[in-house]
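All remarks here apply to the structure that follows.
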2 protein chains.
Amino acid sequence: MEPNPVVKGSLTTIILKLLEDNGRMYGYEMTKAVRESTANKMSITEAALYPALHKLVEDGLLTTTSEKVDGRIRKYYALTKQGKKETHSKIQALKEALDSVQLILNPKLSNG
Amino acid sequence: MEPNPVVKGSLTTIILKLLEDNGRMYGYEMTKAVRESTANKMSITEAALYPALHKLVEDGLLTTTSEKVDGRIRKYYALTKQGKKETHSKIQALKEALDSVQLILNPKLSNG
DNA sequence: GTATTTACCTAATAAAATTAGGTATGTTTT
DNA sequence: AAAACATACCTAATTTTATTAGGTAAATAC
């Protein structure tokens, strides 16, 4: 079974959360981390991931450093000070949004 | 506090869910239902809603009937047979997607 | 009679993801 | 050694979806 793409609009926040938890990561590592933590149910596609990473750097939320490991280039990403600040509020906002959708999918039956 | 828009990509499934629960509804009613069931935390904007409804009709998942109530037109929407079928799988898919994001936001700490 | 609520809608733009690739090195399998 | 798979980066074109920013019109509340 192919893993499904992650919930739309959540990618940026997921990246920030991964970096908050792990300090620094490279792109390919993030795709594996998501597949693992969701038991292969969801994945982030590289075609969505890399542009999102570049935008976060552009917006000043991430910094990047390249390293050669085993003959291959890795671009590590880490949160900037500003990135750390915004991470908290974005995670909070996403959690609340998810909770609201849950409320709609599991509405209160209480009318009596 | 203004309610936030609903999680991106979830609108179509939310519409189907509302109609599954309520039999038939009109657009404006759906916007109120979402605000109510989320305690005014989330709303669906009409600018997103109406095009989404029209597309669902076009795709054969909804039918519509117009009624004049208190001098104003209401366009009621209801699930077609095909709409009912697809509703189940779309709700299931959205639930799994939400669960996966939850797993990423609340990762297992279990490494020992 | 003004504001708010009900009730529908669209056009232009922006944001985000998908589709569909491409490049290159290292590792494993046959 | 060739083929397949995994690692690791990337982009261009398109599509999907939502936002911004309105508009129309009738009923109701103030």
Side-chain angles (χ1 to χ4, degrees), chain A residues 2-16 18 24-36 40 42-59 61-62 64-77 90 93-94 97 100-101, chain B residues 2-16 18 24-36 40 42-59 61-62 64-77 90 93-94 97 100-101:
Chain A
E2 282 299 295
N4 293 109
V6 109
V7 173
K8 283 169 210 283
S10 63
L11 180 56
T12 291
T13 307
I14 286 171
I15 291 169
L16 296 175
L18 289 172
R24 63 176 216 155
M25 297 179 85
Y26 54 99
Y28 190 75
E29 188 182 12
M30 296 179 192
T31 68
K32 284 189 299 179
V34 166
R35 280 198 300 273
E36 274 172 40
N40 215 43
M42 293 286 145
S43 71
I44 54 185
T45 63
E46 293 180 55
L49 174 63
Y50 290 111
L53 286 171
H54 300 161
K55 182 158 194 306
L56 285 168
V57 172
E58 197 184 296
D59 291 348
L61 304 192
L62 302 186
T64 180
T65 53
S66 288
E67 267 179 47
K68 199 166 196 175
V69 180
D70 296 327
R72 288 193 220 83
I73 288 289
R74 284 183 186 170
K75 278 182 72 176
Y76 280 97
Y77 292 88
K90 290 208 175 173
L94 179 55
S100 289
V101 178
Chain B
E2 282 297 294
N4 294 108
V6 110
V7 173
K8 282 168 210 285
S10 64
L11 179 57
T12 291
T13 307
I14 286 171
I15 292 169
L16 295 175
L18 289 172
R24 63 177 218 156
M25 297 178 85
Y26 54 100
Y28 189 76
E29 189 182 12
M30 296 179 193
T31 69
K32 284 189 299 179
V34 165
R35 280 198 300 274
E36 275 172 39
N40 216 43
M42 293 285 146
S43 72
I44 54 185
T45 64
E46 294 180 54
L49 174 63
Y50 289 112
L53 286 171
H54 299 161
K55 182 158 193 307
L56 285 168
V57 171
E58 197 184 297
D59 292 348
L61 305 192
L62 303 185
T64 181
T65 54
S66 289
E67 268 179 46
K68 199 165 196 176
V69 180
D70 297 326
R72 289 191 222 85
I73 288 288
R74 283 183 187 172
K75 278 182 72 177
Y76 280 97
Y77 292 87
K90 290 206 174 172
L94 180 56
S100 289
V101 178

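Because the structure is predicted, anything quoted here is derived from the model rather than measured. Numbered from 1 within each chain, the chains take letters A, B, ... in sequence-line order.
- Between B:Y50 and C:dC8 there is a side-chain N or O to OP1 or OP2 distance below 4.0 Å.
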With side-chain contact (heavy atoms from CB on, under 4.5 Å) as the test, would you mind laying out the steps for B:R35 and B:T31 before giving the verdict?
CA-CA 6 Å; B:R35 280 198 300 274; B:T31 69; 4.0 Å; yes

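- Between the CD atom of B:E67 and the C1' atom of C:dT6 there is a distance of 16 Å, given to the nearest Å.
- Between D:dC10 and A:K75, a contact under 4.0 Å exists linking OP1 or OP2 to a side-chain N or O.
- Between A:K32 and D:dA6 there is no side-chain N or O to OP1 or OP2 distance below 4.0 Å.
- Distances from the side chain of A:H54 to the nucleotides D:dT11, C:dC8, D:dC9 place D:dT11 closest.
- Look at CZ on B:R24: it is 13 Å from P on C:dA7, rounded to the nearest Å.
- Legend: salt bridge (charged side-chain N to carboxylate O under 4.0 Å, His left out) pairs involving residues 48-59 of chain B, not counting sequence neighbours, sorted by first then second residue: B:K55-B:D59.
- A:K90 and A:L16 make their closest contact through CD-CD1, 3.9 Å (heavy atoms, listed as atom of the first residue, atom of the second, distance).
- Separating the CG atom of A:L53 from the P atom of C:dA16 is a distance of 14 Å, rounded to the nearest angstrom.
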For every nucleotide of nucleotides 16-21 of chain D, 5' to 3': is a protein heavy atom under 4.0 Å from its base (B), only from its sugar-phosphate (S), or from neither (-)?
-SSBBB

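- For A:R74 and D:dT7, the CZ to P distance is 10 Å, given to the nearest whole Å.
- A straight line from CD1 of A:I14 to C1' of C:dA16 spans 13 Å, rounded to a whole angstrom.
- If you take CD of B:E58 and C1' of C:dC9, they are 16 Å apart, rounded to a whole angstrom.
- Nucleotide C:dT5 holds its C1' atom 10 Å from the CZ atom of B:R35, rounded to whole Å.
- Just one of A:T13, A:T12, A:I14 meets the side-chain contact (heavy atoms from CB on, under 4.5 Å) condition when paired with A:S10; it is A:I14.
- Across B:A52 and B:I15, no two heavy atoms sit closer than the pair CB-CD1, 3.9 Å.
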Apply side-chain contact (heavy atoms from CB on, under 4.5 Å) to residues A:Y28 and A:E46 and explain how you reach the verdict.
CA-CA 8 Å; A:Y28 190 75; A:E46 293 180 55; 4.1 Å; yes

Give each protein N/O atom lying under 3.5 Å from an N/O atom of nucleotides 25-28 of chain C, with the pair distance.
residue, atom, partner, partner atom, Å
C:dT25, O2, A:R72, NE, 3.1
C:dG26, O4', A:R72, NH2, 2.8

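- Remark: B:Y28 is in phosphate contact with C:dT6, judged by side-chain N or O atoms under 4.0 Å from OP1 or OP2.
- Between the CG atom of A:D59 and the C1' atom of C:dA16 there is a distance of 14 Å, rounded to whole Å.
- The shortest heavy-atom contact between B:A97 and A:M42 is CA-CE, 3.5 Å.
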Residue pair A:K75, A:L53: steps toward the side-chain contact (heavy atoms from CB on, under 4.5 Å) verdict:
CA-CA 11 Å; A:K75 278 182 72 176; A:L53 286 171; over 6 Å; no

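- Of all heavy-atom pairs between A:M25 and A:E29, the closest is CA-OE1, 3.2 Å.
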